[in-house]
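Taking it in order: structure first as C-alpha coordinates, then the write-up.
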Amino acid sequence: MTDWSTLQAEMADEGYVASDDLAMALHIALRLGRPLLLEGAAGVGKTEVARVLSAIRATELIRLQCYEGLDAAHAIYEWNYQRQLLAIRAAAEDGETGRAVEARIFSEEFLLERPLLRAIRQKVPPVLLIDEIDRADEEFEAYLLEVLSDFQITVPELGTIAAVSRPLVILTANGTRDLSDALRRRCIYAYVDYPERGAELAILNARCPEIEDRLSAQIVGFVQAIRREELEKTPGIAEMLDFAAAISGLGIADLNEDPAVLGATLATLLKTRADRDAVPLEVAQRLAGKAA
(Lines give C-alpha, C1' and ligand atoms only; values in the text may rest on other atoms or scores of the structure.)
Protein backbone atom coordinates (compact mmCIF):
# COMPACT_ATOMS: atom_id res chain seq x y z
CA MET A 1 0.00 0.00 0.00
CA THR A 2 1.95 3.01 -1.26
CA ASP A 3 -0.32 5.75 0.02
CA TRP A 4 -3.65 6.35 1.71
CA SER A 5 -5.50 7.08 -1.54
CA THR A 6 -4.48 3.67 -2.90
CA LEU A 7 -5.81 2.07 0.26
CA GLN A 8 -9.02 4.06 -0.06
CA ALA A 9 -9.46 2.81 -3.63
CA GLU A 10 -8.81 -0.79 -2.56
CA MET A 11 -11.44 -0.45 0.15
CA ALA A 12 -13.88 0.91 -2.43
CA ASP A 13 -13.22 -2.16 -4.60
CA GLU A 14 -14.39 -4.24 -1.62
CA GLY A 15 -17.57 -2.17 -1.33
CA TYR A 16 -16.47 0.09 1.54
CA VAL A 17 -16.59 3.84 0.93
CA ALA A 18 -14.05 5.23 3.40
CA SER A 19 -13.69 8.92 4.21
CA ASP A 20 -10.32 10.59 3.66
CA ASP A 21 -9.75 10.78 7.43
CA LEU A 22 -10.47 7.10 7.95
CA ALA A 23 -8.32 5.97 5.02
CA MET A 24 -5.45 8.15 6.22
CA ALA A 25 -5.70 6.87 9.81
CA LEU A 26 -5.77 3.24 8.65
CA HIS A 27 -2.81 3.85 6.33
CA ILE A 28 -0.78 5.41 9.17
CA ALA A 29 -1.65 2.55 11.53
CA LEU A 30 -0.47 0.00 8.96
CA ARG A 31 2.75 1.88 8.21
CA LEU A 32 3.63 2.35 11.89
CA GLY A 33 2.45 -1.08 13.01
CA ARG A 34 0.12 0.46 15.57
CA PRO A 35 -3.42 -0.54 16.57
CA LEU A 36 -6.24 1.53 15.08
CA LEU A 37 -8.99 2.65 17.47
CA LEU A 38 -12.30 3.40 15.75
CA GLU A 39 -15.00 5.19 17.70
CA GLY A 40 -18.49 6.07 16.59
CA ALA A 41 -22.14 5.19 16.95
CA ALA A 42 -23.29 1.64 16.41
CA GLY A 43 -23.97 0.82 12.79
CA VAL A 44 -21.62 3.27 11.08
CA GLY A 45 -19.31 0.57 9.68
CA LYS A 46 -16.47 0.28 12.20
CA THR A 47 -16.44 -3.51 12.31
CA GLU A 48 -16.65 -3.68 8.53
CA VAL A 49 -13.26 -1.92 8.28
CA ALA A 50 -11.60 -5.02 9.72
CA ARG A 51 -13.39 -7.34 7.30
CA VAL A 52 -12.42 -5.19 4.33
CA LEU A 53 -8.81 -4.96 5.47
CA SER A 54 -8.58 -8.75 5.81
CA ALA A 55 -9.94 -9.08 2.26
CA ILE A 56 -7.44 -6.55 0.89
CA ARG A 57 -4.54 -8.25 2.63
CA ALA A 58 -5.89 -11.75 1.84
CA THR A 59 -5.41 -12.75 5.44
CA GLU A 60 -7.51 -14.23 8.24
CA LEU A 61 -9.86 -12.10 10.31
CA ILE A 62 -9.79 -13.05 13.99
CA ARG A 63 -12.50 -11.42 16.10
CA LEU A 64 -12.67 -10.93 19.84
CA GLN A 65 -16.14 -9.75 20.84
CA CYS A 66 -15.88 -7.89 24.13
CA TYR A 67 -18.52 -7.92 26.86
CA GLU A 68 -18.80 -7.22 30.57
CA GLY A 69 -17.00 -9.89 32.55
CA LEU A 70 -14.71 -10.97 29.69
CA ASP A 71 -11.63 -12.66 31.16
CA ALA A 72 -8.34 -14.17 30.00
CA ALA A 73 -9.81 -17.66 29.70
CA HIS A 74 -12.18 -16.51 26.96
CA ALA A 75 -9.89 -13.95 25.31
CA ILE A 76 -6.41 -15.46 25.48
CA TYR A 77 -6.24 -19.15 26.34
CA GLU A 78 -7.57 -21.84 28.61
CA TRP A 79 -6.79 -25.46 29.34
CA ASN A 80 -8.92 -28.28 28.02
CA TYR A 81 -9.96 -29.50 31.46
CA GLN A 82 -12.01 -32.43 30.24
CA ARG A 83 -9.12 -33.87 28.23
CA GLN A 84 -6.75 -33.21 31.14
CA LEU A 85 -9.03 -35.12 33.48
CA LEU A 86 -9.23 -38.06 31.10
CA ALA A 87 -5.45 -38.05 30.73
CA ILE A 88 -5.00 -38.05 34.51
CA ARG A 89 -7.38 -41.01 34.89
CA ALA A 90 -5.61 -42.91 32.15
CA ALA A 91 -2.22 -42.21 33.74
CA ALA A 92 -3.49 -43.37 37.13
CA GLU A 93 -4.71 -46.63 35.63
CA ASP A 94 -1.25 -47.14 34.15
CA GLY A 95 0.36 -46.38 37.50
CA GLU A 96 1.87 -43.12 36.26
CA THR A 97 1.90 -40.20 38.71
CA GLY A 98 3.86 -37.12 39.65
CA ARG A 99 5.72 -34.60 37.50
CA ALA A 100 5.55 -36.64 34.30
CA VAL A 101 1.76 -36.49 34.29
CA GLU A 102 1.75 -32.82 35.22
CA ALA A 103 4.18 -31.96 32.42
CA ARG A 104 2.10 -33.84 29.90
CA ILE A 105 -1.29 -32.37 30.78
CA PHE A 106 0.10 -28.82 30.82
CA SER A 107 1.49 -29.04 27.31
CA GLU A 108 0.50 -27.66 23.91
CA GLU A 109 -1.65 -30.73 23.36
CA PHE A 110 -4.13 -29.53 25.99
CA LEU A 111 -3.96 -25.79 25.33
CA LEU A 112 -7.01 -24.12 23.80
CA GLU A 113 -6.19 -20.99 21.82
CA ARG A 114 -8.57 -18.07 22.17
CA PRO A 115 -8.51 -15.04 19.82
CA LEU A 116 -5.55 -13.12 21.29
CA LEU A 117 -3.21 -16.11 21.51
CA ARG A 118 -4.35 -17.40 18.14
CA ALA A 119 -3.67 -14.02 16.53
CA ILE A 120 -0.03 -13.83 17.58
CA ARG A 121 0.71 -17.41 16.49
CA GLN A 122 -0.24 -17.05 12.83
CA LYS A 123 2.57 -17.23 10.28
CA VAL A 124 0.80 -14.67 8.08
CA PRO A 125 -0.18 -11.55 10.08
CA PRO A 126 -3.95 -11.72 10.57
CA VAL A 127 -6.36 -8.85 11.16
CA LEU A 128 -7.26 -8.91 14.86
CA LEU A 129 -10.59 -7.20 15.53
CA ILE A 130 -11.18 -6.32 19.18
CA ASP A 131 -14.82 -5.37 18.89
CA GLU A 132 -16.57 -3.06 21.37
CA ILE A 133 -13.63 -2.80 23.75
CA ASP A 134 -15.62 -0.29 25.83
CA ARG A 135 -17.97 -3.10 26.89
CA ALA A 136 -15.14 -4.98 28.61
CA ASP A 137 -14.11 -4.23 32.18
CA GLU A 138 -11.28 -1.81 32.92
CA GLU A 139 -9.25 -4.70 34.36
CA PHE A 140 -9.34 -6.52 31.04
CA GLU A 141 -8.45 -3.33 29.18
CA ALA A 142 -5.36 -3.00 31.40
CA TYR A 143 -4.30 -6.57 30.60
CA LEU A 144 -4.88 -5.93 26.92
CA LEU A 145 -2.38 -3.05 27.06
CA GLU A 146 0.41 -5.51 27.88
CA VAL A 147 -0.50 -7.74 24.96
CA LEU A 148 -0.66 -4.81 22.53
CA SER A 149 2.64 -3.40 23.78
CA ASP A 150 4.78 -6.55 23.68
CA PHE A 151 2.73 -8.90 21.48
CA GLN A 152 3.59 -11.75 23.76
CA ILE A 153 1.56 -13.78 26.24
CA THR A 154 2.74 -15.53 29.36
CA VAL A 155 1.26 -18.94 30.13
CA PRO A 156 2.56 -19.86 33.60
CA GLU A 157 2.80 -23.56 32.82
CA LEU A 158 4.55 -23.03 29.46
CA GLY A 159 6.37 -19.72 29.79
CA THR A 160 6.24 -16.69 27.52
CA ILE A 161 4.85 -17.15 24.02
CA ALA A 162 6.17 -14.46 21.67
CA ALA A 163 4.38 -13.40 18.52
CA VAL A 164 5.23 -15.36 15.37
CA SER A 165 3.90 -12.39 13.39
CA ARG A 166 2.49 -9.04 14.45
CA PRO A 167 -1.27 -8.90 13.83
CA LEU A 168 -2.99 -5.89 12.29
CA VAL A 169 -5.10 -4.72 15.24
CA ILE A 170 -8.37 -2.80 14.98
CA LEU A 171 -10.32 -1.85 18.09
CA THR A 172 -13.86 -0.49 18.00
CA ALA A 173 -15.81 1.41 20.66
CA ASN A 174 -19.39 2.71 20.75
CA GLY A 175 -18.96 5.11 23.67
CA THR A 176 -20.38 2.80 26.34
CA ARG A 177 -17.68 4.03 28.75
CA ASP A 178 -14.56 6.16 28.59
CA LEU A 179 -11.41 4.35 27.52
CA SER A 180 -8.16 4.85 29.39
CA ASP A 181 -5.54 7.36 28.26
CA ALA A 182 -3.00 4.52 28.23
CA LEU A 183 -5.00 2.62 25.61
CA ARG A 184 -5.55 5.73 23.51
CA ARG A 185 -1.83 6.56 23.56
CA ARG A 186 -1.01 3.20 21.99
CA CYS A 187 -3.48 3.60 19.14
CA ILE A 188 -3.94 5.60 15.99
CA TYR A 189 -7.42 7.13 16.22
CA ALA A 190 -10.33 7.79 13.88
CA TYR A 191 -13.92 8.75 14.53
CA VAL A 192 -16.39 7.09 12.17
CA ASP A 193 -19.56 9.12 11.74
CA TYR A 194 -22.71 8.50 9.73
CA PRO A 195 -21.79 9.13 6.10
CA GLU A 196 -22.74 12.28 4.25
CA ARG A 197 -25.33 12.01 1.51
CA GLY A 198 -22.87 11.51 -1.35
CA ALA A 199 -20.91 8.84 0.52
CA GLU A 200 -24.05 6.97 1.54
CA LEU A 201 -25.32 7.04 -2.02
CA ALA A 202 -22.00 5.57 -3.14
CA ILE A 203 -22.35 2.81 -0.53
CA LEU A 204 -25.88 2.00 -1.68
CA ASN A 205 -24.87 1.99 -5.35
CA ALA A 206 -21.92 -0.30 -4.60
CA ARG A 207 -23.99 -2.78 -2.58
CA CYS A 208 -27.27 -2.59 -4.53
CA PRO A 209 -26.38 -1.58 -8.09
CA GLU A 210 -29.72 -2.85 -9.39
CA ILE A 211 -31.63 0.00 -7.70
CA GLU A 212 -32.33 2.94 -10.01
CA ASP A 213 -30.69 6.28 -9.24
CA ARG A 214 -33.92 8.10 -8.43
CA LEU A 215 -35.03 5.48 -5.92
CA SER A 216 -31.53 5.32 -4.42
CA ALA A 217 -31.63 9.07 -3.84
CA GLN A 218 -35.05 8.74 -2.20
CA ILE A 219 -33.89 5.92 0.07
CA VAL A 220 -30.78 7.75 1.26
CA GLY A 221 -32.70 11.01 1.76
CA PHE A 222 -35.42 9.21 3.71
CA VAL A 223 -33.00 7.32 5.97
CA GLN A 224 -30.97 10.45 6.69
CA ALA A 225 -34.20 12.27 7.58
CA ILE A 226 -35.15 9.40 9.92
CA ARG A 227 -31.77 9.80 11.66
CA ARG A 228 -32.61 13.40 12.51
CA GLU A 229 -35.63 12.26 14.51
CA GLU A 230 -35.26 11.70 18.26
CA LEU A 231 -34.72 7.95 18.38
CA GLU A 232 -33.40 5.42 20.89
CA LYS A 233 -31.49 3.56 18.18
CA THR A 234 -30.51 5.51 15.11
CA PRO A 235 -30.51 3.30 11.99
CA GLY A 236 -27.02 2.63 10.67
CA ILE A 237 -25.68 1.73 7.26
CA ALA A 238 -26.66 -1.92 7.64
CA GLU A 239 -30.26 -0.90 8.34
CA MET A 240 -30.22 1.44 5.34
CA LEU A 241 -29.12 -1.43 3.13
CA ASP A 242 -31.80 -3.71 4.60
CA PHE A 243 -34.41 -1.03 3.92
CA ALA A 244 -33.18 -0.63 0.35
CA ALA A 245 -33.24 -4.40 -0.22
CA ALA A 246 -36.77 -4.61 1.18
CA ILE A 247 -38.03 -1.77 -1.01
CA SER A 248 -36.32 -3.20 -4.08
CA GLY A 249 -37.50 -6.73 -3.35
CA LEU A 250 -41.10 -5.57 -3.17
CA GLY A 251 -40.82 -3.99 -6.60
CA ILE A 252 -41.35 -0.43 -5.36
CA ALA A 253 -40.10 2.26 -7.75
CA ASP A 254 -41.04 5.28 -5.60
CA LEU A 255 -41.22 5.62 -1.80
CA ASN A 256 -44.49 7.53 -2.14
CA GLU A 257 -46.07 4.81 -4.22
CA ASP A 258 -47.70 2.76 -1.44
CA PRO A 259 -47.98 4.10 2.14
CA ALA A 260 -48.80 0.63 3.50
CA VAL A 261 -45.60 -0.83 2.07
CA LEU A 262 -43.57 2.11 3.40
CA GLY A 263 -45.00 1.55 6.86
CA ALA A 264 -44.23 -2.18 6.75
CA THR A 265 -40.63 -1.68 5.62
CA LEU A 266 -39.95 0.62 8.58
CA ALA A 267 -39.33 -2.63 10.45
CA THR A 268 -35.87 -2.65 8.85
CA LEU A 269 -35.02 0.80 10.24
CA LEU A 270 -36.79 1.18 13.59
CA LYS A 271 -35.88 -1.50 16.09
CA THR A 272 -37.63 -0.46 19.31
CA ARG A 273 -41.26 0.15 20.20
CA ALA A 274 -40.47 3.72 21.27
CA ASP A 275 -38.86 4.45 17.90
CA ARG A 276 -41.85 3.01 16.03
CA ASP A 277 -44.11 5.28 18.08
CA ALA A 278 -41.82 8.25 17.38
CA VAL A 279 -42.16 7.74 13.61
CA PRO A 280 -45.79 6.88 12.86
CA LEU A 281 -46.89 6.31 9.30
CA GLU A 282 -47.97 9.91 8.74
CA VAL A 283 -44.51 11.14 9.78
CA ALA A 284 -42.82 8.56 7.58
CA GLN A 285 -44.98 9.66 4.63
CA ARG A 286 -44.02 13.29 5.23
CA LEU A 287 -40.32 12.43 5.35
CA ALA A 288 -40.60 10.26 2.24
CA GLY A 289 -42.34 13.09 0.42
CA LYS A 290 -39.40 15.39 1.13
CA ALA A 291 -36.74 12.79 0.22
CA ALA A 292 -35.14 13.29 -3.16
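Just so you know, these numbers come straight off a predicted model, no measurement behind them.
- Here CD of Glu196 is found 8.5 Å from CD of Gln224. Values are rounded to the nearest 0.5 Å.
- Salt-bridge formation is detected for the pair Arg114/Glu78: a Lys NZ or Arg NE/NH1/NH2 atom is positioned less than 4.0 Å from an Asp or Glu carboxylate oxygen.
- Checked by atom type, the side-chain pair Thr176/Asp134 shows a donor-acceptor distance below 3.5 Å.
- Between the side chain of Lys46 and the main chain of Tyr191, no donor-acceptor pair closer than 3.5 Å is present.
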Does the side-chain hydrogen bond (donor to acceptor under 3.5 Å, both in side chains) test come out yes or no for Glu113 and Tyr77, once each step is laid out? CA-CA 5 Å; Glu113 293 181 345; Tyr77 76 93; over 6 Å; no

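- Environment of CG in Asp178: sparse, with no more than 12 heavy atoms of neighbouring residues, nucleotides or ligands closer than 6.0 Å.
- Taken to the nearest 0.5 Å, the CG atom of Leu168 stands 10.5 Å off from the CG atom of Leu36.
- Of the possible donor and acceptor atoms, none in the side chain of Ser248 sits under 3.5 Å from a partner among the backbone N and O of Ala244.
- Within the 3.5 Å criterion, the main-chain N or O of Pro125 finds a donor-acceptor partner in the side chain of Thr59.
- Arg227 places a side-chain N or O within donor-acceptor distance of the main-chain N or O of Pro235, the cut-off being under 3.5 Å.
- Checked by atom type and distance alone, the side chain of Asn80 never pairs as donor or acceptor with a backbone atom of Leu111 at under 3.5 Å.
- The hydrophobic clustering, which links ILVMFWY residues whose side-chain heavy atoms are closer than 4.5 Å, places Leu255 and Leu281 apart.
- Checked for salt-bridge contact, Asp275 and Lys233 miss the test: no charged N lies under 4.0 Å from a carboxylate O.
- Among all heavy-atom pairs drawn from Leu171 and Cys187, the shortest one is CD1-SG, 3.8 Å.
- With hydrogens and angles disregarded, a donor-acceptor distance shorter than 3.5 Å links the side chain of Asp71 to the backbone of His74.
- Annotation: the span from Leu287 atom CG to Glu282 atom CD amounts to 11.0 Å, rounded to 0.5 Å.
- Placement of Leu64 and Leu61 in two distinct hydrophobic clusters is found when ILVMFWY residues are connected by side-chain heavy-atom separations under 4.5 Å, directly or transitively.
- Heavy-atom minimum distance, Ala25 versus Ile188: O-CG2, 3.6 Å.
- Counting non-hydrogen atoms of other residues, nucleotides and ligands closer than 6.0 Å to CD of Gln82 gives a total of 12 or fewer.
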List the steps and the verdict of side-chain contact (heavy atoms from CB on, under 4.5 Å) for Leu158 and Phe106. CA-CA 7 Å; Leu158 297 178; Phe106 288 108; 5.5 Å; no

Candidate pair Asp3 and Ser5, rule side-chain hydrogen bond (donor to acceptor under 3.5 Å, both in side chains), full reasoning: CA-CA 6 Å; Asp3 56 44; Ser5 59; 2.8 Å; yes

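- Annotation: the span from Leu7 atom CG to Leu26 atom CG amounts to 4.5 Å, rounded to 0.5 Å.
- Within a 6.0 Å sphere centred on CG of Asp20, heavy atoms belonging to other residues, nucleotides or ligands number more than 12.
- Taking a cutoff of 4.0 Å between a charged side-chain nitrogen and a carboxylate oxygen, Glu39 and Arg177 do not qualify as a salt bridge.
- The environment of Glu138 atom CD is sparse: at most 12 non-hydrogen atoms of other residues, nucleotides or ligands sit within 6.0 angstrom.
- Between Asp254 and Arg214 there is a salt bridge, since at least one side-chain N of the basic residue sits less than 4.0 Å from a carboxylate O of the acidic one.
- Atom CD of Glu229 is surrounded by more than 12 heavy atoms from other residues, nucleotides or ligands within 6.0 Å.
- When the side chains of ILVMFWY residues are joined at heavy-atom separations under 4.5 Å, either directly or via intervening members, Phe151 and Val124 end up in two distinct hydrophobic clusters.
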Would you check, one step at a time, whether the test side-chain hydrogen bond (donor to acceptor under 3.5 Å, both in side chains) holds for Asn256 with Gln285? CA-CA 7 Å; Asn256 300 294; Gln285 286 181 272; over 6 Å; no

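- Ser165 places a side-chain N or O within donor-acceptor distance of the main-chain N or O of Gln122, the cut-off being under 3.5 Å.
- How far CG of Leu53 is from CE of Met11: 7.5 Å, rounded to the nearest 0.5 Å.
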Output, in order, the C-alpha distance, side-chain angles, deciding distance and verdict of side-chain contact (heavy atoms from CB on, under 4.5 Å) for Thr272 and Leu231. CA-CA 9 Å; Thr272 70; Leu231 302 175; over 6 Å; no

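- Using a 4.0 Å cut-off between charged side-chain N and carboxylate O, Arg184 and Glu141 make no salt bridge.
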Quick one, Asp213 with Ser216, criterion side-chain hydrogen bond (donor to acceptor under 3.5 Å, both in side chains). Give me CA distance, side-chain angles, the key distance, then yes/no. CA-CA 5 Å; Asp213 291 345; Ser216 294; 5.2 Å; no

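- A cation-pi arrangement is found for Arg83 relative to Phe110, the charged atom lying closer than 6.0 Å to the ring centre and inside a 45° cone about the ring normal.
- Val220 and Ile252 end up in the same hydrophobic cluster when Ile, Leu, Val, Met, Phe, Trp and Tyr side chains are linked at under 4.5 Å.
- To the nearest 0.5 Å, atom CD of residue Glu200 and atom CG of residue Asn205 are 11.0 Å apart.
- More than 12 non-hydrogen atoms from other residues, nucleotides or ligands lie less than 6.0 angstrom from CD of Glu210.
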